[in-house]
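For the numbers below, each heavy atom of this structure counts, side chains included, while hydrogens, waters and symmetry mates do not. Just so it is clear: chains get the letters A, B, ... in the order the sequence lines come, proteins before strands, and each one is counted from 1. Everything numeric here is computed off the predicted structure, so don't read it as measured data.
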Amino acid sequence: MDSRIILGAIIVLALVLAPAVLSPALVNAGIQMLIASLFACAFSLLCGQAGMLSFGHSAFFGVGAFATVHAMNAVGGAGLLPTPFMPLVGAVTGLLVGLVAGWFATKRTGVYFAMITLAIGELLYSLAPHLGGWFGGEAGVSTMRMPAFGLSFGSNVQVYYLTLAWVLLCLGLLYLFTRTPLGRVALGLRENTRRLRFLGYNVHMASVLVFAVSTMFAGVAGALQAINIESANYVLFNLDLSAEVLLNSYIGGVTFFLGPAIGAALMTFFGYVVSDLTTSWLLYKGLLFVAVMLFVPRGIAGLVQTVAASVRRCGFGALAASFVLHGVAAALLACGTVFSVEMLQRIFSQDYLSLARLGGKAWPAISLFGESWRPLAAATWLVPLVLFAIGLLVLREAMRRWRAAIEAATRGSDEANDPAVASGAST
Amino acid sequence: MDYFVVSLLNGVIYGLLLFMVSAGLTLIFGMMGILNFAHASFYMLGAYFAYALQPYLGFWLSVVVATALVGLVGVVAERYFLRPVHKYGHAHELLLTFGLSFIIAEFVKLFFGNFPVNYRIPASLSFSAFQIGPSTYPFYRLLIGAVALAMFVVIYLLLTRTRVGIIVRAAIHRPAMVEALGHNVPVVFMVVFGVGAALAGLAGAVAGAFYTTNPNMAIELGVMVFVVVVIGGLGSLEGALLASLLIGLITSFSIGVDYSMASLLALVGLGDWAREVGGLLTLKLSSLSGTIPYALMLVILLVRPYGLLGEKE
Amino acid sequence: MANRAIFKPLMLCAALSVACGMASAEPLKIAIVETLSGPQASTGLMYRDATRYAVERLNAQGGWGGEPIKLLQYDSQGTPAGAAEKLKAAIADGAQMVVQGASSAVAGQLSEDIRKYDIRNPGKEVLFLNVGAEAMELTGSKCNFHAFRFAGNSDISVKALVRAMKSANTLGTKVYSINQNYSWGVDMQHAIERDAAEGNYKVVGETLHDVNKIQDFSPYVQKIIASGAETVITGNWSNDLLLLMKAAKAGGLKARFATTFLDQPGNLANAGHVALGAYVVHPFDAEANGGAGVSMADEFKAKVGHYPVYVEPQTLFGIEMVGAALKKVAPENGKLNVNKLAVQIEQTKLDTPMGAWTMRAADHQVLLPMVVSEVSTGAKFKVDGTDMGFKPVKLLAASEAEAPVQSTCKMRRPS
């Protein structure tokens, strides 16, 4: 417990000091990562803890954003509340809309619940562009941050600190919520609703309340987004955003409290950095997601926990070699994938195909990573093949070593505990 | 009158197209409990494969081969992607299919570009079948409808009259028992998934020529297919047919209706008030034709969640 | 990919300039914030490639202030929120001009964000170069001293279409207006209604339909046939246009189509001979004006691989116009005075192969000549690998195509 508090304090300190050391572009990315983390944690309250998979959570994010933008424009542009308190508007709106939507949605469970949330989200998405007064058509509604308490909120650093403060506050509240009776009942909703009913709880009301708490924090995230970019647009209601928070949460790992936050931060950063490097970045995102789903089912947080447990068992020294090999394998496989995808993208682009047709048999060379590659030469394709082959071999070796280290530790601890039993008992 | 007939025909045929894609989805859900987000991507793959093969194999053969190829893709997806995550629960499988749909769309963009491709009806098939009033009705549209109906009949007969069909239907309800009786249930799942994917691929190969073939096909059709499956009842083939026809007809007819709530209220003298309030009340039904299916899905989910023809669990 | 190649020199430049204190003119940085991935990437990538070509041409002529102009690219992912984020990144990286065109929603967001940034940071202003977003409000209620539109808009397009078709006697007296139900489509509908008197036609029917959701346009085709229209004017793009035209052929609609976006790549190939006889209005046609644009088109094709079509010519001309203005603005303390550049752009006249381009100071809408072309097998330049191309019917000079300043534009100029 102590080590976790220390770790948490270090992370918070790092976040607070970040703008002093990072470039403005990274501070911007940081604001987006914080907002995505809060949204993912709010979502995972519903999905991971209460076991209700929702496909329309972006509706509440969007509603929070729009309410905040309107509140900022209210009173002739001066704003309903001082700027630092604006997210309260998002919270209240998220809560109220969530109560209504949740009351209907939680009447059903499982797939049907998910479909209801999908329907609500899609309905809102199709209706919003027609309701120009509230949602501003496809240009959206724009606003401007007003100065408050001596701060102008004109610079990104101030927005960063405002966002950080609210995100930390909300994450703290979410954590405390898991400690309340209702938070515990939420876990029961996931595990066994029938038993809950027998214990005397009104399962429907409990579901509605948990739903509403989740949407309340989603509304806060939306409000922070509205304050950050000073506008809200109906595309926030798109299925894409709901899908993204789902992806982020599961990549991070929904069974851990901060898992979704980690997943959201990593994926947002990934998108931020990679989207400007290559136009195939969505493909990489999809491949990464499928790889995580297949090989790391409990998400990155789960992976970290497993690794930490193994280190505690076997000692760092025994596993060090395996770590390094795993890293090398990942790097090799990633390089092979990136090379193949980038080459294919260039070869199949319309312009290259037309140039190739003009050139006849000789296809012009493609320049990539500072080198020139001929697409028809075997040597070009040998590179990714070799990378893949070596990567897989290294991975196999890394996993073998890992297993060996765990087995040695298991044998060691059994012998240490009870020499008589050790010979008989085997895993 | 002509308008009515044409709208009816169009609605029915659009519905049949939706059915072709949703038939596989509802079977897959009924059997494996997976809501396959990648299903609309199989539809898109069918169209693109047929487009790629058309210059070499001609229209009909490329449709057949494209269908088979998509079926193969479905089998591979089930065996190597879905089966390993089966033990982690339904949410995981669903997310994996979602990731797959992402990847398929991106690969299509990688190989075929971002713009719509030139997949067209062969000249021999693009004539008009008959005249209705001042307008003509294209033959190819009727062909799409015929293919969908033929498909329904074949699948229905397969499921109800053959041994394989009995095993499949039993595996939908009681997979453990079927396995205990000695049948290889995982293989049955794999085959059903493959067949479902192939059906979607067939729909794509046939419809892609008439509608446009572009990388956003999956997104365009995707959510509507879910609506159909939910309204019809998850797992019910007849339900899917009924729901697709319903959605097709509603979409088709609502386009012609230029009335709104305000005009309805005008009948009781509240028209001006409604127009002043604006917003939802002045929205014309024709502008909302894309929204109605979602509203319908919401109503069904709240009132009768197992769908029109689904079975209560 | 371009960003990777210039990342190192950029870092080096930044490091050097910091080390040396005040060096010679800092290289001018232009950022393109566009949809480079996702469903609408096709158009965004065209803007990016055309901008890159145009900037390379400017650098071949010497760049600015003795340094080559640097082009930074950012992927807005097609959403206003993504664009807002990347705008901040672009400004943080030192960009003084932002180019964008693929979406009016994104353009609106960028325009407003740049306006707010410029208010908050006097002396460090940034310009917005809109090379394609055609929503009227961008030079109307959202008009902004630091924003320029280098493209047509619905008023200009419809006026050009109506005038050209009327003089070619192909307009008829009954016109049907079918458009997408969002600001662009609504703007088109208003423009079609407004030009009825001058075009001597009656609007026999109007439709606004869902954007990019309709697969089956035959009910709409039914309505058009029932109205007896002779010409259908539409601002539809992408799938909506293609499916409409296919449905029109399938339903046996005999009316002529007058469009604004038929020249989008892939449309003619997909539509096939359905498209023959349809009209399109665009800022450039290589065959127009006696083939004045052919050499420019050939140069473009040699470098990029295809003839400039759709949104590429207006991007080329727009950046060229900014380049011409840049030549008249000298570096001050090694940096560009953006306000001076803005004033210079207002006074720039660019001679393009289609005619003269000038920038109207009142609302920063460019006054440009428009070409109205007809899809025909007799065109000199075939498109999309088909036997069809766009044969110019009439070239309208800027003064003939221009639409008046909107009353909603109240531009605030810096003192």
With a 4.5 angstrom heavy-atom cut-off, could you sort out which part of [X] is near chain C: side chain, backbone, both or neither?
X: A:T143; answer: backbone
X: A:I229; answer: both
X: A:S155; answer: neither
X: A:N28; answer: both

What's the shortest heavy-atom distance between A:A25 and C:A92, and which atoms? N-CB, 3.8 Å
On a heavy-atom basis, the closest approach of A:W281 and C:Q77 is CZ2-CD, 3.5 Å
In terms of heavy-atom proximity below 4.5 Å to chain A, should [X] be classed as side chain, backbone, both, or neither?
X: C:N121; value: neither
X: C:L45; value: side chain
X: C:E112; value: side chain

Flag side-chain contact, heavy atom, 4.5 Å: [X] against [Y]:
X: C:K88; Y: A:Q32; result: no
X: C:K116; Y: A:S142; result: yes
X: A:V235; Y: C:P80; result: yes

Quick one: [atom1] on [X] to [atom2] on [Y], what's the gap to the nearest 0.5 Å?
X: A:M144; Y: C:R120; atom1: CE; atom2: CZ; answer: 4.0 Å
X: A:D276; Y: C:D93; atom1: CG; atom2: CG; answer: 9.0 Å
X: A:T279; Y: C:Q73; atom1: OG1; atom2: CD; answer: 8.5 Å

With a 4.5 Å cut-off on heavy-atom pairs, point out which of A:D240, A:L26, A:N156 contacts chain C the most. A:N156
Within 6.0 angstrom of C:K124 NZ, more than 12 heavy atoms from elsewhere: no
Inspect the surroundings of OH in C:Y53 and state if more than 12 heavy atoms from other residues, nucleotides or ligands are less than 6.0 Å away. yes
Counting a contact as any heavy-atom pair under 4.5 Å apart, which residues of residues 132-142 of chain C contact chain A? C:E137, C:K142
Pair C:K86-A:S275, side chain to side chain contact (heavy atoms under 4.5 Å, CB included): steps then yes or no: CA-CA 10 Å; C:K86 291 295 160 85; A:S275 65; 2.7 Å; yes
